[in-house]
Amino acid sequence: MTTPIPITIDVTAAPYSADNTGVSNSTQAFIDASAALCAAGGGTLLIPPGTYTVGRQVRATQSNQGYAYLGEDIITLSGCSHPVVIEGTGATLTLANGLKFGSFDWSTGTAYTPASLPFTDANYAASVGRMLVVKDNPGHVVVRGLELNGNASALSLGGQWGSSGYDLAADGIVVENADQVALERIYSHHHGHDGLAAYDVTASANSPRAPLSLLLCRSEYNARAALFWQGGNGLQAVDCKFSHSGRATFATAPAVGVMIKGVARNGHFLNSEMLNNVGEGVLASSTAADIKVERCSLVGTTAAPFAVSAARVHFVDSTLAGQSSVVRAGVSQADGDATRFSGCWLTDLHKYNNQVFISTGGNLLNWGAGSLGVQMDRCSVEVATGVLGQTNGAISASNCRFRQTSSGASAIVANFHGDTIFDTSGSNDLSTSLILGRMLFNSAEQLQYDQMQRRLRFYANTGSGGRMQSVGYCYSATAFASAFGGGTKGDIVYNTAPTPGGYLGWVCTVTGTPGTWKPFGLIAS
């Protein structure tokens with residue numbers, strides 16, 4: 001059996017002769033060139049600088065063909081055993097004008113408006129296709145320098161198809177079952193669906209790493225997602241931009257910057273932007289896990305900067321602007337799955353085109369009871385339009401600063417560790433929080449354990465047997481007894497709020513609920 005030998009193909013050379021002036025449609029040239037590359041087992045596909053018009057559809061000739069208009073994929077790389085390089089620096093692939101997209105009547109070719117959604121009858125589907133598909137390649141694949149223009153404003157739109165919007169193939173780059181795929185300096189924009197997408201629907205939590213790297217990529221003004229990642233282990237995006245989804249001619253829900261679904265693991269986003277999307281900047285479902293967003297800027301203008309149900313999502317040294325409502329809570333304070341924030345700025349002060357998603361008086365951290373165990377370390381939370389938020393599922397805040405210049409009551413409930421600064425022109429009740437360090441609240445130092453009381457327990461010998469005794473700290477003996485189910489004769493409570501003329505503490509003289517308590521240690525006036 002002859003082993004294929006990798007080759008180099010210039011798509012503008014004969015017999016392919018793609019037109020880099022954009023005058024004629026070069027769809028067939030790209031289809032043939034990529035097929036020849038795959039037949040050789042890999043190699044290099046050269047796309048010289050210029051503009052290439054691409055995109056072609058097949059129309060159904062009878063009913064029940066499973067489509068009304070079927071778009072063709074332009075470049076397909078599949079089954080290449082040798083490394084593949086697509087060199088496209090300076091080249092732009094632009095979708096042809098007038099391709100039909102959405103719901104169409106196959107027999108008349110006219111737009112069809114469904115009576116209701118969801119509408120998923122394949123016989124009315126008009127898809128555009130995908131510009132580049134990378135699928136099941138044993139060898140490494142590198143794609144660099146391409147601009148992929150989905151030309152969404154020039155599509156011939158039919159009715160909606162899918163659950164909401166136009167959920168049909170009209171994508172820039174789609175990677176399926178990625179392993180050692182690198183996309184470098186790609187600009188994918190104005191597509192009717194996703195700018196970049198990666199799928200591995202067979203992935204499990206134990207799947208080995210199959211790296212997919214994105215370097216200096218921009219995916220903007222696409223209808224559904226700038227980056228859609230469904231399953232896989234080991235996606236890394238460095239110096240990328242995933243912005244303005246849904247901001248072109250039309251939007252398809254959820255119109256987000258980065259959408260993470262399926263069994264996706266070990267994603268790392270570094271020095272990247274998710275700005276001004278119709279939906280969230282980062283949307284991660286509960287089936288995903290182990291995602292790190294580091295030194296990134298997320299600005300929500302009409303929706304939250306993030307909504308993460310995935311386990312072990314860690315935001316590091318990032319700007320997170322706008323109201324958020326969905327974080328991953330822990331089953332307990334320390335189960336390790338809850339969302340983490342380290343060195344982040346959570347705010348409504350940072351804006352895009354003078355816009356940020358929050359209503360007047362709205363909660364910046366609108367996490368409610370679904371925030372138990374969320375960790376914040378060295379973070380700054382600042383609001384001017386809204387209020388700080390509500391976290392009645394207690395979060396853990398270590399060495400953080402909270403600042404609110406607007407009026408209104410917030411309800412941040414936390415275990416405050418280290419040094420905390422809490423400044424507000426409104427109010428925030430701390431009665432259900434725990435201060436485990438030093439807190440300055442509007443410049444006034446707060447007492448540790450001011451409401452939740454610590455106690456030491458020991459087994460005491462009474463001379464006729466032993467019993468459990470308590471020594472605790474509280475602002476009142478009855479509050480202490482209420483917290484711990486009563487008092488036992490001999491229990492001692494030291495006063496955490498002593499005053500001149502008051503007492504050092506109280507001792508229980510009769511066991512009960514709350515028991516009988518007598519003060520001791522008169523403090524001089």
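Throughout, residue positions are numbered sequentially from 1 according to the sequence presented. The structure presented is a predicted model; accordingly, all values stated were derived computationally and were not measured.
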For [X] and [Y], indicate whether the former's side chain and the latter's backbone hold a donor-acceptor pair under 3.5 Å.
{"X": "Asn233", "Y": "Ser207", "result": "yes"}
{"X": "Asp73", "Y": "Arg130", "result": "yes"}
{"X": "Ser81", "Y": "Pro138", "result": "no"}
{"X": "Asn392", "Y": "Ala369", "result": "yes"}
{"X": "Asp200", "Y": "Thr202", "result": "yes"}
{"X": "Arg209", "Y": "Gly232", "result": "no"}
{"X": "Asp348", "Y": "Ala384", "result": "yes"}
{"X": "Thr347", "Y": "Glu382", "result": "yes"}
{"X": "Glu220", "Y": "Ala226", "result": "no"}
{"X": "Ser396", "Y": "Gln375", "result": "no"}

Take atom NZ in Lys135; do more than 12 heavy atoms of anything else shown fall under 6.0 Å from it?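 For Lys135, atom NZ is not crowded (no more than 12 foreign heavy atoms under 6.0 Å).
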Taking atom NZ as the centre, does Lys241 end up with more than 12 heavy-atom neighbours from other residues, nucleotides or ligands that are less than 6.0 angstrom away?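 No, the 6.0 Å shell around NZ holds no more than 12 heavy atoms from other groups.
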Quick one: do Val256 and Ser245 satisfy side-chain contact (heavy atoms from CB on, under 4.5 Å)? Show the steps, please. CA-CA 6 Å; Val256 297; Ser245 293; 5.7 Å; no
Between [X] and [Y], what is the shortest heavy-atom contact and its length?
{"X": "Gly162", "Y": "Leu117", "answer": "O-CD2, 3.7 Å"}
{"X": "Tyr352", "Y": "Leu275", "answer": "CD1-CD1, 4.4 Å"}
{"X": "Val263", "Y": "Ala205", "answer": "CG1-N, 3.5 Å"}
{"X": "Ile395", "Y": "Ser371", "answer": "CG2-O, 3.6 Å"}
{"X": "Gly373", "Y": "Ala338", "answer": "O-CB, 3.4 Å"}
{"X": "Phe30", "Y": "Ile47", "answer": "CE2-CD1, 3.8 Å"}

Nearest 0.5 Å, what's the [atom1]-[atom2] distance between [X] and [Y]?
{"X": "Phe269", "Y": "Leu214", "atom1": "CZ", "atom2": "CG", "value": "8.0 Å"}
{"X": "Leu212", "Y": "Leu183", "atom1": "CG", "atom2": "CG", "value": "6.0 Å"}
{"X": "Trp345", "Y": "Ser318", "atom1": "CH2", "atom2": "OG", "value": "12.5 Å"}
{"X": "Leu157", "Y": "Phe250", "atom1": "CG", "atom2": "CZ", "value": "5.0 Å"}
{"X": "Ile173", "Y": "Leu227", "atom1": "CD1", "atom2": "CG", "value": "11.0 Å"}
{"X": "Cys38", "Y": "Asn137", "atom1": "SG", "atom2": "CG", "value": "6.5 Å"}

So [Y] and [X], do their side chains get closer than 4.5 Å, heavy atoms only?
{"X": "Asp194", "Y": "Asn222", "result": "no"}
{"X": "Phe242", "Y": "Asn277", "result": "no"}
{"X": "Val174", "Y": "Tyr199", "result": "yes"}
{"X": "Cys400", "Y": "Val381", "result": "no"}
{"X": "Val299", "Y": "Lys351", "result": "no"}
{"X": "Tyr187", "Y": "Leu146", "result": "no"}
{"X": "Arg185", "Y": "Leu216", "result": "yes"}
{"X": "Leu132", "Y": "Ile74", "result": "no"}

We want to know whether [X] and [Y] form a side-chain donor-acceptor pair, criterion being a heavy-atom distance below 3.5 angstrom.
{"X": "His189", "Y": "Glu147", "answer": "yes"}
{"X": "Gln390", "Y": "Asn366", "answer": "yes"}
{"X": "Thr287", "Y": "Ser285", "answer": "yes"}
{"X": "Ser204", "Y": "Asn206", "answer": "no"}

Steps toward side-chain contact (heavy atoms from CB on, under 4.5 Å) verdict (Leu364, Leu388): CA-CA 5 Å; Leu364 183 74; Leu388 287 164; 5.6 Å; no
Just do the side-chain contact (heavy atoms from CB on, under 4.5 Å) check on Phe306 and Val327 with the steps written out, would you? CA-CA 8 Å; Phe306 61 87; Val327 288; 3.9 Å; yes
Report the residues that fulfil ring pair (Phe, Tyr, Trp, His ring centres under 6.0 Å) with [X], sequence neighbours left out, ordered by chain and then residue number.
{"X": "Trp367", "answer": "Phe341"}
{"X": "Phe104", "answer": "Tyr69"}
{"X": "His190", "answer": "Tyr221"}

Should Ser243 and Asn276 be marked as a side chain to side chain donor-acceptor pair (under 3.5 Å) after you check the CA-CA gap, both sets of side-chain angles, and the distance that decides it? CA-CA 6 Å; Ser243 300; Asn276 188 40; over 6 Å; no
Given the rule in the side-chain contact (heavy atoms from CB on, under 4.5 Å) test, do Met131 and Leu95 qualify, once you have shown the distances and angles that lead to the verdict? CA-CA 9 Å; Met131 286 195 172; Leu95 199 66; 4.0 Å; yes
So that I can tick it off, tell me whether Arg312 and Asp290 are bridged by a salt bridge, with the cut-off set at under 4.0 angstrom between side-chain N and carboxylate O.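 Salt bridge flag = yes for Arg312 with Asp290.
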Check: Phe101 ring centre within less than 6.0 Å of His193 ring centre: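 That pair fails the under 6.0 Å test.
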